[in-house]
Protein chains: 2
Amino acid sequence: MSLDVGARLRAVRQMYGLSQRELAKRAGVTNGLISLIEQNRVSPSVSSLKKVLDGVPMALADFFTLDLTQKPPVFFPREELTEIGAGRVGLRLVGGRLAKRSMAILHEHYEPGADTGEEMLTHEGEEGGVVVRGRIELTVGGETRTLSAGDAYYFRSSLPHRFRNLSREECEIVSASAPPTF
Amino acid sequence: MSLDVGARLRAVRQMYGLSQRELAKRAGVTNGLISLIEQNRVSPSVSSLKKVLDGVPMALADFFTLDLTQKPPVFFPREELTEIGAGRVGLRLVGGRLAKRSMAILHEHYEPGADTGEEMLTHEGEEGGVVVRGRIELTVGGETRTLSAGDAYYFRSSLPHRFRNLSREECEIVSASAPPTF
DNA sequence: CAGGAGCGTTTAGGATATTGAACACATGAG
DNA sequence: CTCATGTGTTCAATATCCTAAACGCTCCTG
(Lines give C-alpha, C1' and ligand atoms only; values in the text may rest on other atoms or scores of the structure.)
Protein backbone atom coordinates (compact mmCIF):
# COMPACT_ATOMS: atom_id res chain seq x y z
CA MET A 1 0.00 0.00 0.00
CA SER A 2 1.47 3.33 -0.98
CA LEU A 3 1.44 5.70 1.94
CA ASP A 4 1.01 8.82 -0.11
CA VAL A 5 -1.37 10.43 2.34
CA GLY A 6 -1.40 13.61 0.29
CA ALA A 7 -2.49 11.94 -2.94
CA ARG A 8 -5.05 9.88 -1.06
CA LEU A 9 -6.59 12.91 0.56
CA ARG A 10 -6.61 14.87 -2.67
CA ALA A 11 -8.28 11.96 -4.46
CA VAL A 12 -10.90 11.59 -1.75
CA ARG A 13 -11.61 15.29 -1.63
CA GLN A 14 -11.99 15.53 -5.39
CA MET A 15 -14.16 12.41 -5.44
CA TYR A 16 -16.60 14.38 -3.37
CA GLY A 17 -16.16 17.52 -5.43
CA LEU A 18 -15.02 19.61 -2.47
CA SER A 19 -12.57 22.50 -2.52
CA GLN A 20 -9.85 22.66 0.13
CA ARG A 21 -11.70 25.47 1.88
CA GLU A 22 -15.01 23.65 1.75
CA LEU A 23 -13.54 20.51 3.25
CA ALA A 24 -11.59 22.54 5.79
CA LYS A 25 -14.75 24.23 6.98
CA ARG A 26 -16.60 20.95 7.35
CA ALA A 27 -13.66 19.40 9.14
CA GLY A 28 -12.96 22.32 11.43
CA VAL A 29 -9.39 22.83 10.24
CA THR A 30 -7.78 25.44 8.03
CA ASN A 31 -7.53 25.26 4.27
CA GLY A 32 -3.79 25.70 4.61
CA LEU A 33 -3.50 22.46 6.48
CA ILE A 34 -5.37 20.59 3.76
CA SER A 35 -3.01 22.09 1.21
CA LEU A 36 0.09 21.14 3.18
CA ILE A 37 -1.15 17.60 3.74
CA GLU A 38 -2.00 17.12 0.08
CA GLN A 39 1.50 18.24 -0.88
CA ASN A 40 2.98 15.86 1.71
CA ARG A 41 4.74 18.79 3.30
CA VAL A 42 3.50 17.60 6.67
CA SER A 43 2.44 14.23 7.99
CA PRO A 44 -0.80 14.97 9.77
CA SER A 45 -1.44 13.68 13.24
CA VAL A 46 -3.98 10.92 13.39
CA SER A 47 -6.35 13.24 15.18
CA SER A 48 -6.19 15.92 12.46
CA LEU A 49 -6.50 13.38 9.70
CA LYS A 50 -9.54 12.00 11.43
CA LYS A 51 -11.04 15.46 11.73
CA VAL A 52 -10.46 16.03 8.03
CA LEU A 53 -11.96 12.69 7.03
CA ASP A 54 -14.93 13.29 9.30
CA GLY A 55 -15.68 16.25 7.06
CA VAL A 56 -16.14 13.99 4.05
CA PRO A 57 -17.05 11.70 5.85
CA MET A 58 -14.80 8.68 5.52
CA ALA A 59 -13.38 6.21 8.02
CA LEU A 60 -9.64 6.07 8.59
CA ALA A 61 -9.59 2.38 7.72
CA ASP A 62 -11.29 3.09 4.39
CA PHE A 63 -8.89 5.92 3.74
CA PHE A 64 -5.87 3.68 4.08
CA THR A 65 -7.58 0.88 2.19
CA LEU A 66 -8.15 3.00 -0.90
CA ASP A 67 -6.28 1.66 -3.88
CA LEU A 68 -5.22 4.60 -5.99
CA THR A 69 -3.43 2.49 -8.53
CA GLN A 70 -6.36 0.41 -9.65
CA LYS A 71 -7.50 1.14 -13.14
CA PRO A 72 -11.05 2.33 -13.21
CA PRO A 73 -13.54 -0.04 -14.86
CA VAL A 74 -14.62 0.82 -18.36
CA PHE A 75 -17.80 -1.12 -18.95
CA PHE A 76 -20.86 -0.89 -16.74
CA PRO A 77 -23.71 -3.35 -17.38
CA ARG A 78 -27.10 -1.95 -16.61
CA GLU A 79 -27.38 -3.79 -13.35
CA GLU A 80 -24.08 -2.29 -12.17
CA LEU A 81 -25.23 1.29 -12.35
CA THR A 82 -25.76 2.96 -9.00
CA GLU A 83 -29.42 3.65 -8.39
CA ILE A 84 -30.05 7.05 -6.83
CA GLY A 85 -33.65 7.28 -5.73
CA ALA A 86 -35.09 10.76 -6.19
CA GLY A 87 -38.84 10.36 -5.97
CA ARG A 88 -40.36 9.89 -9.36
CA VAL A 89 -37.14 10.68 -11.10
CA GLY A 90 -34.97 7.61 -11.47
CA LEU A 91 -31.24 8.32 -11.52
CA ARG A 92 -28.65 5.71 -12.37
CA LEU A 93 -25.08 6.81 -11.85
CA VAL A 94 -22.36 5.36 -14.05
CA GLY A 95 -19.39 4.24 -12.03
CA GLY A 96 -20.51 4.44 -8.42
CA ARG A 97 -20.47 7.27 -5.93
CA LEU A 98 -16.96 6.71 -4.71
CA ALA A 99 -15.23 6.32 -8.04
CA LYS A 100 -12.57 8.88 -8.70
CA ARG A 101 -13.76 10.97 -11.59
CA SER A 102 -14.23 14.53 -12.68
CA MET A 103 -17.68 13.95 -14.11
CA ALA A 104 -20.91 12.21 -13.22
CA ILE A 105 -22.73 10.39 -15.98
CA LEU A 106 -26.39 9.73 -15.23
CA HIS A 107 -29.09 7.70 -16.87
CA GLU A 108 -32.26 9.53 -15.87
CA HIS A 109 -35.85 8.37 -16.05
CA TYR A 110 -38.68 10.88 -15.55
CA GLU A 111 -42.09 9.38 -14.95
CA PRO A 112 -45.07 11.26 -16.43
CA GLY A 113 -45.52 14.40 -14.34
CA ALA A 114 -42.18 14.03 -12.60
CA ASP A 115 -39.91 17.03 -12.08
CA THR A 116 -36.80 18.13 -10.21
CA GLY A 117 -38.84 20.10 -7.70
CA GLU A 118 -40.39 23.52 -7.21
CA GLU A 119 -37.07 25.16 -6.43
CA MET A 120 -34.80 25.91 -9.32
CA LEU A 121 -31.53 24.04 -9.05
CA THR A 122 -28.23 25.89 -8.96
CA HIS A 123 -24.83 24.42 -8.27
CA GLU A 124 -21.24 24.50 -9.44
CA GLY A 125 -20.00 23.22 -12.75
CA GLU A 126 -21.59 22.41 -16.02
CA GLU A 127 -24.01 19.81 -17.25
CA GLY A 128 -25.32 18.53 -20.52
CA GLY A 129 -27.32 15.63 -21.90
CA VAL A 130 -29.35 14.09 -24.65
CA VAL A 131 -33.01 13.11 -24.55
CA VAL A 132 -33.23 9.48 -25.56
CA ARG A 133 -36.96 8.87 -25.34
CA GLY A 134 -40.07 10.91 -24.60
CA ARG A 135 -40.27 14.65 -24.07
CA ILE A 136 -39.01 16.93 -21.30
CA GLU A 137 -39.53 20.58 -20.48
CA LEU A 138 -36.25 22.21 -19.52
CA THR A 139 -35.95 25.68 -18.01
CA VAL A 140 -32.49 27.26 -17.84
CA GLY A 141 -31.80 30.82 -16.87
CA GLY A 142 -35.38 31.88 -17.41
CA GLU A 143 -35.60 30.32 -20.84
CA THR A 144 -37.91 27.33 -21.32
CA ARG A 145 -37.89 24.73 -24.09
CA THR A 146 -39.41 21.34 -24.60
CA LEU A 147 -36.95 18.77 -25.84
CA SER A 148 -37.83 15.57 -27.63
CA ALA A 149 -35.91 12.39 -28.37
CA GLY A 150 -32.69 13.34 -30.09
CA ASP A 151 -32.60 16.86 -28.65
CA ALA A 152 -29.83 17.86 -26.27
CA TYR A 153 -28.78 20.54 -23.80
CA TYR A 154 -25.72 21.96 -22.14
CA PHE A 155 -25.39 24.81 -19.64
CA ARG A 156 -23.46 26.16 -16.69
CA SER A 157 -25.10 24.70 -13.61
CA SER A 158 -24.92 28.05 -11.84
CA LEU A 159 -27.83 29.10 -14.02
CA PRO A 160 -31.07 28.18 -12.25
CA HIS A 161 -32.58 25.16 -13.99
CA ARG A 162 -35.40 22.67 -13.74
CA PHE A 163 -36.59 19.56 -15.58
CA ARG A 164 -40.29 18.64 -15.90
CA ASN A 165 -41.93 15.79 -17.75
CA LEU A 166 -45.32 17.24 -18.71
CA SER A 167 -46.13 14.45 -21.12
CA ARG A 168 -48.01 11.23 -20.56
CA GLU A 169 -45.07 8.97 -21.30
CA GLU A 170 -41.82 8.36 -19.47
CA CYS A 171 -38.85 10.46 -20.53
CA GLU A 172 -35.35 9.08 -20.63
CA ILE A 173 -32.21 11.21 -20.58
CA VAL A 174 -28.50 10.55 -20.47
CA SER A 175 -26.64 13.41 -18.84
CA ALA A 176 -23.26 14.43 -17.53
CA SER A 177 -22.19 16.95 -14.93
CA ALA A 178 -18.76 18.19 -13.99
CA PRO A 179 -17.62 18.34 -11.34
CA PRO A 180 -19.70 15.40 -10.15
CA THR A 181 -22.56 16.46 -7.92
CA PHE A 182 -23.21 12.93 -6.71
CA MET B 1 -15.00 2.36 15.07
CA SER B 2 -13.51 3.60 18.28
CA LEU B 3 -10.52 5.77 17.56
CA ASP B 4 -8.63 4.86 20.69
CA VAL B 5 -5.27 4.76 18.99
CA GLY B 6 -3.55 4.13 22.30
CA ALA B 7 -5.58 1.05 23.16
CA ARG B 8 -5.23 -0.24 19.63
CA LEU B 9 -1.48 0.11 19.66
CA ARG B 10 -1.16 -1.47 23.07
CA ALA B 11 -3.32 -4.37 21.97
CA VAL B 12 -1.31 -4.88 18.80
CA ARG B 13 1.99 -4.65 20.62
CA GLN B 14 0.92 -7.15 23.25
CA MET B 15 -0.50 -9.46 20.62
CA TYR B 16 3.01 -9.76 19.34
CA GLY B 17 4.49 -10.04 22.81
CA LEU B 18 6.72 -6.99 22.40
CA SER B 19 7.79 -4.54 25.08
CA GLN B 20 7.61 -0.82 24.40
CA ARG B 21 11.38 -0.66 24.07
CA GLU B 22 11.50 -3.66 21.78
CA LEU B 23 8.88 -2.23 19.47
CA ALA B 24 10.49 1.20 19.64
CA LYS B 25 13.82 -0.24 18.54
CA ARG B 26 12.29 -2.09 15.62
CA ALA B 27 10.30 0.97 14.63
CA GLY B 28 13.13 3.45 14.99
CA VAL B 29 11.37 5.62 17.55
CA THR B 30 11.80 6.06 21.28
CA ASN B 31 10.12 3.99 23.93
CA GLY B 32 8.78 7.19 25.45
CA LEU B 33 6.79 7.90 22.35
CA ILE B 34 5.20 4.47 22.41
CA SER B 35 4.27 5.06 26.02
CA LEU B 36 2.75 8.48 25.31
CA ILE B 37 0.80 7.18 22.33
CA GLU B 38 -0.58 4.24 24.28
CA GLN B 39 -1.77 6.59 27.01
CA ASN B 40 -3.38 8.82 24.36
CA ARG B 41 -1.33 11.72 25.65
CA VAL B 42 -0.37 12.54 22.07
CA SER B 43 -1.96 11.88 18.72
CA PRO B 44 0.88 10.54 16.62
CA SER B 45 1.49 11.81 13.13
CA VAL B 46 0.61 9.35 10.43
CA SER B 47 4.27 8.99 9.59
CA SER B 48 5.24 8.06 13.16
CA LEU B 49 2.34 5.68 13.50
CA LYS B 50 3.40 4.05 10.27
CA LYS B 51 6.97 3.74 11.52
CA VAL B 52 5.69 2.12 14.69
CA LEU B 53 3.43 -0.30 12.86
CA ASP B 54 6.21 -1.16 10.42
CA GLY B 55 8.04 -2.49 13.46
CA VAL B 56 5.34 -5.08 14.09
CA PRO B 57 4.68 -5.17 11.10
CA MET B 58 1.10 -4.21 10.45
CA ALA B 59 -0.59 -2.10 7.77
CA LEU B 60 -2.28 1.14 8.76
CA ALA B 61 -5.53 -0.04 7.22
CA ASP B 62 -5.45 -3.20 9.33
CA PHE B 63 -4.63 -1.16 12.40
CA PHE B 64 -7.73 0.97 12.00
CA THR B 65 -9.83 -2.02 11.02
CA LEU B 66 -9.07 -3.87 14.24
CA ASP B 67 -12.19 -4.40 16.27
CA LEU B 68 -11.22 -4.27 19.91
CA THR B 69 -14.74 -4.67 21.17
CA GLN B 70 -15.48 -7.98 19.52
CA LYS B 71 -15.76 -10.83 21.91
CA PRO B 72 -13.15 -13.42 21.22
CA PRO B 73 -14.48 -16.76 20.01
CA VAL B 74 -14.70 -19.51 22.59
CA PHE B 75 -14.93 -22.73 20.63
CA PHE B 76 -12.40 -23.79 18.02
CA PRO B 77 -13.23 -26.84 15.91
CA ARG B 78 -10.19 -28.84 14.92
CA GLU B 79 -10.17 -27.50 11.41
CA GLU B 80 -10.10 -23.93 12.72
CA LEU B 81 -6.84 -24.28 14.57
CA THR B 82 -3.93 -22.45 13.00
CA GLU B 83 -1.40 -24.88 11.61
CA ILE B 84 2.19 -23.86 12.31
CA GLY B 85 4.49 -26.07 10.31
CA ALA B 86 7.71 -26.84 12.19
CA GLY B 87 9.25 -29.78 10.38
CA ARG B 88 8.25 -33.05 11.95
CA VAL B 89 6.63 -31.32 14.86
CA GLY B 90 3.04 -30.36 14.10
CA LEU B 91 1.83 -27.30 15.95
CA ARG B 92 -1.79 -26.19 15.94
CA LEU B 93 -2.41 -22.86 17.59
CA VAL B 94 -5.73 -22.25 19.30
CA GLY B 95 -7.21 -18.91 18.30
CA GLY B 96 -5.06 -17.68 15.44
CA ARG B 97 -1.87 -15.69 15.40
CA LEU B 98 -3.47 -12.28 15.53
CA ALA B 99 -5.98 -12.93 18.29
CA LYS B 100 -5.55 -10.75 21.32
CA ARG B 101 -4.50 -12.96 24.15
CA SER B 102 -1.93 -13.29 26.86
CA MET B 103 -1.30 -16.96 26.26
CA ALA B 104 -0.73 -19.34 23.36
CA ILE B 105 -2.43 -22.71 23.53
CA LEU B 106 -0.89 -25.33 21.26
CA HIS B 107 -1.86 -28.78 20.18
CA GLU B 108 1.48 -30.39 19.39
CA HIS B 109 2.22 -33.58 17.48
CA TYR B 110 5.70 -35.09 17.58
CA GLU B 111 6.39 -37.74 14.98
CA PRO B 112 8.68 -40.61 16.04
CA GLY B 113 12.21 -39.19 16.28
CA ALA B 114 11.04 -35.58 16.05
CA ASP B 115 12.49 -32.93 18.34
CA THR B 116 12.64 -29.18 18.83
CA GLY B 117 16.19 -29.02 17.47
CA GLU B 118 19.77 -29.35 18.63
CA GLU B 119 19.80 -25.94 20.30
CA MET B 120 18.14 -25.65 23.64
CA LEU B 121 15.22 -23.23 23.54
CA THR B 122 15.15 -20.20 25.81
CA HIS B 123 12.67 -17.37 25.72
CA GLU B 124 10.54 -15.17 27.93
CA GLY B 125 7.60 -16.30 30.00
CA GLU B 126 6.39 -19.62 31.23
CA GLU B 127 5.00 -22.73 29.64
CA GLY B 128 3.27 -25.91 30.67
CA GLY B 129 1.40 -28.82 29.18
CA VAL B 130 0.04 -32.30 29.43
CA VAL B 131 1.05 -35.34 27.42
CA VAL B 132 -2.08 -36.77 25.86
CA ARG B 133 -0.69 -39.73 23.94
CA GLY B 134 2.67 -41.41 23.48
CA ARG B 135 5.90 -40.62 25.28
CA ILE B 136 8.21 -37.58 25.16
CA GLU B 137 11.64 -36.84 26.56
CA LEU B 138 11.74 -33.38 28.09
CA THR B 139 14.92 -31.63 29.21
CA VAL B 140 14.57 -28.49 31.33
CA GLY B 141 17.43 -26.72 33.05
CA GLY B 142 19.72 -29.71 32.72
CA GLU B 143 17.20 -32.15 34.13
CA THR B 144 15.77 -34.79 31.79
CA ARG B 145 12.63 -36.87 32.22
CA THR B 146 10.49 -38.99 29.97
CA LEU B 147 6.82 -38.23 30.25
CA SER B 148 3.98 -40.56 29.28
CA ALA B 149 0.30 -40.01 28.59
CA GLY B 150 -1.20 -38.26 31.59
CA ASP B 151 2.09 -36.71 32.72
CA ALA B 152 2.52 -32.95 32.67
CA TYR B 153 5.16 -30.20 32.93
CA TYR B 154 5.48 -26.53 33.76
CA PHE B 155 8.56 -24.29 33.81
CA ARG B 156 9.89 -20.80 33.24
CA SER B 157 10.80 -20.59 29.57
CA SER B 158 14.06 -18.82 30.38
CA LEU B 159 15.35 -22.23 31.48
CA PRO B 160 16.90 -23.95 28.46
CA HIS B 161 14.57 -26.71 27.31
CA ARG B 162 14.06 -29.28 24.59
CA PHE B 163 11.47 -31.85 23.58
CA ARG B 164 12.36 -35.15 21.88
CA ASN B 165 10.17 -38.05 20.86
CA LEU B 166 12.51 -41.04 21.15
CA SER B 167 9.72 -43.59 20.88
CA ARG B 168 8.36 -45.37 17.85
CA GLU B 169 4.88 -43.86 18.10
CA GLU B 170 3.62 -40.32 17.66
CA CYS B 171 3.42 -38.17 20.78
CA GLU B 172 0.64 -35.70 21.34
CA ILE B 173 0.84 -32.77 23.74
CA VAL B 174 -1.41 -29.87 24.67
CA SER B 175 0.62 -26.91 25.91
CA ALA B 176 0.32 -23.29 26.87
CA SER B 177 2.86 -20.46 26.95
CA ALA B 178 2.59 -16.96 28.30
CA PRO B 179 3.25 -14.48 26.93
CA PRO B 180 2.42 -16.00 23.55
CA THR B 181 5.52 -16.76 21.54
CA PHE B 182 3.57 -17.24 18.33
C1' DC C 1 -9.72 47.76 -17.81
C1' DA C 2 -11.04 47.19 -12.39
C1' DG C 3 -13.17 44.59 -8.94
C1' DG C 4 -14.78 40.51 -6.67
C1' DA C 5 -14.93 35.64 -5.69
C1' DG C 6 -13.19 31.41 -6.21
C1' DC C 7 -9.13 28.37 -6.27
C1' DG C 8 -4.49 26.30 -4.22
C1' DT C 9 -0.16 27.90 -2.08
C1' DT C 10 3.04 30.04 1.16
C1' DT C 11 4.83 32.04 5.55
C1' DA C 12 5.54 33.23 10.60
C1' DG C 13 4.42 31.95 14.91
C1' DG C 14 2.00 29.38 18.47
C1' DA C 15 0.63 24.54 19.59
C1' DT C 16 1.80 19.88 19.70
C1' DA C 17 4.50 15.69 18.76
C1' DT C 18 8.89 13.51 19.54
C1' DT C 19 13.39 12.81 21.55
C1' DG C 20 16.82 11.67 25.05
C1' DA C 21 17.55 10.95 29.59
C1' DA C 22 15.92 10.32 33.82
C1' DC C 23 12.67 8.11 37.18
C1' DA C 24 10.22 4.30 39.96
C1' DC C 25 9.15 -0.33 40.22
C1' DA C 26 9.69 -5.45 39.70
C1' DT C 27 12.39 -9.73 38.94
C1' DG C 28 16.27 -12.71 39.07
C1' DA C 29 21.36 -13.49 40.24
C1' DG C 30 25.22 -13.25 43.23
C1' DC D 1 21.21 -7.47 51.09
C1' DT D 2 23.29 -5.27 46.20
C1' DC D 3 23.58 -5.17 41.53
C1' DA D 4 21.95 -5.76 36.92
C1' DT D 5 18.25 -5.97 33.72
C1' DG D 6 13.79 -5.69 32.56
C1' DT D 7 9.32 -3.20 32.56
C1' DG D 8 6.32 1.39 31.83
C1' DT D 9 6.30 6.38 32.93
C1' DT D 10 7.71 11.29 33.12
C1' DC D 11 10.08 15.73 31.91
C1' DA D 12 12.74 19.51 29.41
C1' DA D 13 14.27 20.51 24.94
C1' DT D 14 13.74 20.14 20.14
C1' DA D 15 11.40 19.04 15.83
C1' DT D 16 7.19 19.07 13.63
C1' DC D 17 2.51 20.12 12.94
C1' DC D 18 -1.18 23.47 12.57
C1' DT D 19 -3.27 28.03 12.34
C1' DA D 20 -4.14 32.67 10.68
C1' DA D 21 -3.25 35.67 7.27
C1' DA D 22 -1.41 36.84 3.19
C1' DC D 23 -0.17 35.83 -1.77
C1' DG D 24 -0.76 34.75 -6.74
C1' DC D 25 -3.63 32.91 -9.89
C1' DT D 26 -8.00 32.17 -12.89
C1' DC D 27 -12.58 33.09 -14.05
C1' DC D 28 -16.51 35.91 -14.31
C1' DT D 29 -18.98 40.53 -14.21
C1' DG D 30 -19.46 45.19 -14.84
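Below, read A as the first sequence line, B as the second, and so on, with proteins coming before strands; counting in each chain starts at 1. Any value given below was found using the heavy atoms of this structure, including those in side chains, with hydrogens, waters and symmetry copies removed.
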At 4.0 Å (heavy atoms only), tell me whether Val42(A) reaches a base, stays on the sugar-phosphate, or touches nothing. sugar-phosphate

Examine the base of dG8(C) for any acceptor or donor lying under 3.5 Å from a partner atom in the side chain of Arg21(A), and report the outcome as yes or no. yes

Any Ser19(B) side-chain N or O less than 4.0 Å from OP1/OP2 of dT7(D): yes

Which whole-number value in Å describes the distance from Leu49(A) CG to dT16(D) C1'? 16 Å

Spacing of Leu23(A) atom CG relative to dG6(C) atom P, expressed in whole Å: 17 Å

Provide, to the nearest angstrom, the distance between the CG atom belonging to Leu33(B) and the P atom belonging to dA12(D). 18 Å

Tell me whether Asp54(B) is salt-bridged to Lys50(B), with the criterion being a basic N under 4.0 Å from an acidic carboxylate O. yes

Between Asp4(A) and Asn40(A), is any side-chain donor less than 3.5 angstrom from a side-chain acceptor? yes

Taking NZ from Lys50(A) and C1' from dT16(C), how many angstroms apart are they, rounded to a whole number? 19 Å

Let me spell it out: for each of Ile34(B) and Ser47(B), pick the nucleotide of DNA chain D with the closest heavy atom. Which residue's pick is nearer the 5' end? Ile34(B)

What integer distance in Å separates Glu22(A):CD from dC7(C):P? 6 Å

Using a heavy-atom cut-off of under 4.0 Å over every strand shown, decide if Leu36(B) touches base, sugar-phosphate, or nothing. base

Sub-3.5 Å donor-acceptor pair from the side chain of Asn165(A) to the main-chain atoms of Tyr110(A), do we have one? yes

Is it the case that dT7(D) (base atoms only) and Asn31(B) (side chain only) share a donor and an acceptor within less than 3.5 Å, ignoring hydrogens and angles? no

Nearest nucleotide by nearest heavy atom, which residue falls closer to the 5' end of DNA chain C, Gln39(A) or Val46(B)? Gln39(A)

Phosphate-side-chain proximity, Arg10(B) and dG8(D), N/O vs OP1/OP2 below 4.0 Å: no

Is the closest side-chain heavy-atom distance between Thr65(B) and Phe64(A) below 4.5 Å? no

Ignoring backbone atoms, establish whether Arg13(B) has a side-chain N or O less than 4.0 Å from OP1 or OP2 of dT7(D). no

Report yes if at least one side-chain N or O of Gln20(A) is closer than 4.0 Å to OP1 or OP2 of dT9(C); otherwise report no. yes

Between C1' on dG8(C) and CG on Leu18(A), what's the gap in Å once rounded to a whole number? 15 Å

Indicate, with a heavy-atom threshold strictly under 4.0 Å, whether Ser45(B) touches base, sugar-phosphate, or nothing. sugar-phosphate

From NZ of Lys25(A) across to C1' of dA5(C) the rounded distance in Å is 14 Å

Report yes if at least one side-chain N or O of Arg41(B) is closer than 4.0 Å to OP1 or OP2 of dT16(C); otherwise report no. no

In terms of side-chain geometry, is the basic nitrogen of Glu38(A) or Arg13(A) positioned less than 4.0 Å from the acidic oxygen of its partner? yes

